Amino acid sequence: MDYLSGLNEPQRKAVLHTEGPLMIIAGAGSGKTRVLTFRTAHLIEQGVDPFAILLLTFTNKAAGEMRHRIEQVIGKQAKNIWMGTFHSIFAKILRFEGEKLGYTSSFSIYDTDDSKSLLRSIIKEMNLDDKVYKVNLVLNRISAAKNKLISPQSYFNNEVIRNEDRMAKVGEIGAIYKTYALRCFQANAMDFDDLLYQTNILFRDHLDVLNKYQHKFKQVMVDEFQDTNVSQYLITKKLSAVNQNICVVGDDAQSIYAFRGADIQNILNFEKDYPDLTTIKLEENYRSTQAIVGAANSIISKNRHQLQKNVFTSNEKGEDIEIIRATTDSEEARLIASSIFEGKQRDGLNGSDFAILYRTNAQSRSFEEALRKLNLPYKIVGGLSFYQRKEIKDLLSYLRFVVNQQDEEAFKRIINLPKRGIGDTTIAKISVTAAENNVSIWDVVSNIQQYSGKGAQAIENFADLIKSFKIMVEVDKKDAYDVANHVAKASGLLRELYEDKTVEGLARYQNIQELLNAIKQFVDSEENEDKSIATFLQSVSLLTNADQEEEGDIKEKVTLMTIHSAKGLEFKRVFLVGLEEDLFPSQMMLASQSDLEEERRLFYVAITRAEKRLYISYAESRYQFGRLKTCEPSRFIDELDPQYLRISKLGGKKEIQGFKPVQKVGGFAQKTPVNQGQQLVQKAAPSNYQHISSSNFTPSNPLELQVEQRVEHQKFGFGKILRIEINGAERKAVIAFEKGVGEKTLLLSFAKLMVIG
DNA sequence: TTCGGCTGGTTTTTT
DNA sequence: ACCAGCCGAA
């Protein structure tokens, strides 16, 4: 019990409260991970069986870390706690119980790409216009429905929803949803939302199963409760209905996943659902300086919807928050990279003390470049993850299909990969034949002689290949590594990549090897009892962005990631970049006021990641879709309490000289093929630098780009750096366009020439 | 069937 | 800038 000594009063109360429902409202940096860790350790010391504790976290990594910390307190038993994300825990349970719902234990898990691909084919088959039925939109609607536990049938029958869809001219979404659900089921596959949705169905329709787990889990804990959706909430509610020992930890101010169905309402409902609820607030921030906490509070107070809370700190006042203004996104990156360089040199910090946080993944590029130039090692969290790369998905699809021949998406991926002369026409024939004979696609493929007399050699070869893999798995009971290794070779995937001598080809080849290494590790690890390929596939498809393995010297690496992935982390120095209107807050969010509040909470989360120092930067122009556009500082900068701010010496002070509105250019509304335009640019501008004469361009005499000079634009290239002269001195400048005006339409009514150095 | 060239859309965040 | 889908040519 010595761990109690380091806790403050509310923390201690939370740890000691073990019976009955408990809600912990934990402000940013208030030590909620400690509380959860100690509470779990305490429960076990009190004699609760680790197997009877269910601890749901947001990422597998968070679970791993907590398991590690609990292990330090109570030792080996920590291994036995049921700890993981909602998705991974309930995928595991569905593996056991899925047969009751008509799935086999080797069901596939469709990732977002698979879901989209399936939807694309359904939309096509239904002869719907894919410009109207955009895959993302459809998938979002279906996902939202599932997360609210609306079945395909009740979606279809619900007049309110259908009217809504009809008003939006997408009246067929109900029908698409129905087909989609059916096809997933026939493919023996669940998508991400299904893992929760089907769990709910399981617990609703099979009370014996529910009962079993209700009695199994004596204690249920939910971390990041503010980010759970209705579907997740109902699962936990059902599971804890018998024992009533449910403990949720969250912070409404840090709810940033509403777009995924997370519902703050869960926190409010919680009080209603559990009348004898104990609520504990953790309000003291141990992480950050007063300046950072103050700035964060000044932001979150602008939101109207929030629980009463008073986050304070007794830490030192600390440095003011620095606002960095840069003229371009690449300058922004340079300034920050050199600030990191200085911080390491002068203040003796490690690379891992720094984080660069941005709103969108696309922003990482300029920072990577700038960091590389200064030889600063970095790591990127998220973005295109290893497991989303084409070659990896290809091999995994083979493995998926070997395990589950009903997996339609895996089949589509591998049937002609590497090229074996089975094109779209043949595949269409196969599915027609399957439908006519009322059998599965695999039935047709594996018995192709029965259905087609001749010319099916390629298909037969494919079927034989898969059959030989199946024997390895089912008869010889080879482990995941042996199977994967063999499949990679025998399928021809490896050979194809090996013969590709381009840089990308080499990288892909290595990626496959890397995947095989990962599988080897999985097989060799003592923690995994079941070494089958099916189990490996399962664990892989639920890896989250934050879970990726780190390698190399972790201490030296600066972290780059989106704010969303930064949740739950902390860094000595945080650079919060790209604070520009339309980027952060994102323009997609500005449509409705409540969404603006979510963006503001995102800003709050970002600020509170910083322990010692916080830098906020914005650029006045930025590349987007391959061209430069001008930007305005974010409204969020104005919302910060100025008493904590300092305008940085780094880049911001410099006045921009000669900000020239260019004269209107008319008569170019007609379209010019883009590629032609690009070729023109390449031909006309062999170097990035062009001289233009000083007589045309001085601060008092703006350069006038006239009609003929549209060609000049192209000659310079968009956003390319120009050398110009101002008052006899050589300067650099770029051409930037007003928001939303692009090269493609050549509606260049206004352009600006911006001097950048 | 495959390949290459062209076009249009895209970027919010993630399990 | 990048990608996926489409179309025509081989």
Side-chain angles (χ1 to χ4, degrees), chain A residues 56-62 84-91 109-113 115-117 120 124 130-131 134-136 139-140 143 146-147 190-197 224 227-229 231-232 255-262 357-365 381-385 387-388 390 416 418-427 458 541-547 561-567 578 582-591 595 598-599 601-603 605-606 622-628 671-676 678-679 718-719 742-745:
Chain A
L56 297 161
T57 58
F58 199 71
T59 61
N60 292 308
K61 192 178 185 180
T85 62
F86 272 91
H87 293 263
S88 61
I89 295 282
F90 294 111
I109 296 175
Y110 275 1
D111 68 10
T112 312
D113 286 341
S115 299
K116 283 185 190 170
S117 154
R120 220 169 269 129
K124 211 169 196 175
D130 61 1
K131 301 232 163 52
K134 296 222 179 93
V135 180
N136 282 323
L139 184 60
N140 281 340
S143 172
K146 271 190 201 161
N147 285 330
M190 298 198 202
D191 67 13
F192 285 139
D193 302 316
D194 276 331
L195 294 174
L196 307 172
Y197 178 83
E224 308 282 8
D227 290 321
T228 53
N229 59 37
S231 183
Q232 292 167 320
S255 161
I256 54 175
Y257 282 94
F259 71 91
R260 210 174 77 190
L357 307 183
Y358 35 77
R359 178 67 238 267
T360 68
N361 278 309
Q363 286 166 260
S364 69
R365 209 170 271 265
V381 179
L384 237 209
S385 87
Y387 288 100
Q388 286 170 306
K390 183 188 173 301
N416 198 23
K419 300 263 155 58
R420 44 172 75 89
I422 306 177
D424 291 346
T425 329
T426 318
I427 296 169
S541 45
L542 294 172
L543 284 182
T544 68
N545 249 330
D547 295 331
M561 63 186 150
T562 63
I563 302 166
H564 281 88
S565 352
K567 193 167 67 153
D582 289 355
L583 181 60
F584 189 17
S586 151
Q587 58 186 21
M588 320 284 280
M589 286 299 220
L590 295 179
D595 286 341
E598 173 147 326
E599 291 285 286
R601 289 193 294 268
L602 197 54
F603 192 42
V605 168
R622 162 177 308 279
Y623 274 94
Q624 199 179 33
F625 303 138
R627 63 191 64 92
L628 206 67
K671 288 196 174 185
T672 304
V674 177
N675 289 335
Q676 217 175 315
Q678 280 170 354
Q679 281 158 17
F718 295 92
E743 174 188 18
K744 198 170 275 180
T745 52

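So you know, we letter chains A, B, ... as the sequences are listed, proteins then strands, and number each from 1. Below, each value reflects all heavy atoms present in this structure, side chains not excepted, and no hydrogens, waters or symmetry copies. Everything numeric here is computed off the predicted structure, so don't read it as measured data.
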Find which nucleotide of DNA chain B each of A/L602 and A/I427 is nearest to by heavy atoms, and output the residue with the more 5' nucleotide. A/I427

Side chain of A/E599 only, please: which of C/dC6, B/dT15, B/dT12 is the nearest? B/dT12

Indicate the ring-plane relationship of A/H564 and A/F259, choosing parallel, tilted or perpendicular according to the 30° and 60° boundaries. perpendicular

Rounded to the Å, how far apart are A/K61 NZ and B/dT15 C1'? 16 Å

For a quick check of understanding: with a heavy-atom distance under 4.0 Å over all strands, which category does A/K124 fall into, base, sugar-phosphate or nothing? sugar-phosphate

Would you say A/T425 places a side-chain N or O within less than 4.0 Å of OP1 or OP2 belonging to B/dT1? yes

Give a yes or no on whether A/R365 atom CZ has more than 12 heavy-atom contacts from other residues, nucleotides or ligands under 6.0 Å away. no

To the nearest Å, how far apart are A/N140 CG and B/dT11 C1'? 14 Å

For the pair A/K146 and A/D191, find out whether any cationic side-chain nitrogen is under 4.0 Å from an anionic carboxylate oxygen. yes

Cut-off 3.5 Å, side chains only: do A/S565 and A/T562 have a donor facing an acceptor? yes

Look at the side chain of A/D582 and the backbone N and O of A/S586, then say whether any donor-acceptor pair between them is shorter than 3.5 Å. no

Under-4.0 Å side-chain N/O to phosphate OP1/OP2 contact, A/T426 with B/dT1: yes

Nearest whole angstrom, please: distance from the P of B/dT14 to the CG of A/N60. 15 Å

Can you tell me if A/F259 is stacked onto the base of B/dT13, using a 5.5 Å centroid cut-off and an angle below 30°? yes

Whole angstroms only, please: what is the CZ-P distance between A/R622 and B/dT11? 17 Å

Closest approach to the side chain of A/Y257, judged atom by atom: which nucleotide of B/dT12, B/dT14, B/dT10 is it? B/dT14

Any A/T112 side-chain N or O less than 4.0 Å from OP1/OP2 of B/dT14: no

Which of B/dT14, B/dT1, B/dT13 is nearest the side chain of A/R359? It is B/dT13

Does the side chain of A/N136 get closer than 4.0 angstrom to OP1 or OP2 of B/dT10 through an N or O atom? no

Value in whole Å for how far the P atom of B/dT14 lies from NZ of A/K116: 12 Å

Please confirm whether A/Y257 and A/F58 have ring centers closer than 6.0 angstrom. yes

Spacing between A/N361 atom CG and C/dC3 atom P, to the nearest angstrom: 14 Å

Can you check the A/N147 CG to B/dT14 P distance for me, whole Å? 16 Å

A/S88 near the nucleic acid: base, sugar-phosphate alone, or nothing, with a heavy-atom cut-off under 4.0 Å? nothing

When you match A/D193 and A/S586 each to their closest nucleotide on DNA chain B, which lands nearer the 5' end? A/S586

B/dG8 OP1/OP2 closer than 4.0 Å to side-chain N/O of A/K134: no

Considering only heavy side-chain atoms of A/R365, the closest of B/dT10, C/dC2, B/dT15 is C/dC2

Closest heavy-atom pair and its distance - A/N229, A/G261: CB-O, 3.0 Å

Rounded to whole angstroms, how far apart are OH on A/Y623 and P on C/dA1? 8 Å

Who passes salt bridge (Lys or Arg N to Asp or Glu O under 4.0 Å) against A/D193, sequence neighbours left out? none

Go through C/dG5, C/dC6, B/dT15 for me and flag the one nearest to the A/R120 side chain. C/dG5

Sub-3.5 Å pairs of nitrogen or oxygen atoms, protein against nucleotides 2-4 of chain B:
unit_1, atom_1, unit_2, atom_2, d
B/dT2, OP1, A/G421, N, 3.4
B/dT2, OP2, A/N416, ND2, 3.2
B/dC3, OP2, A/K419, NZ, 3.0

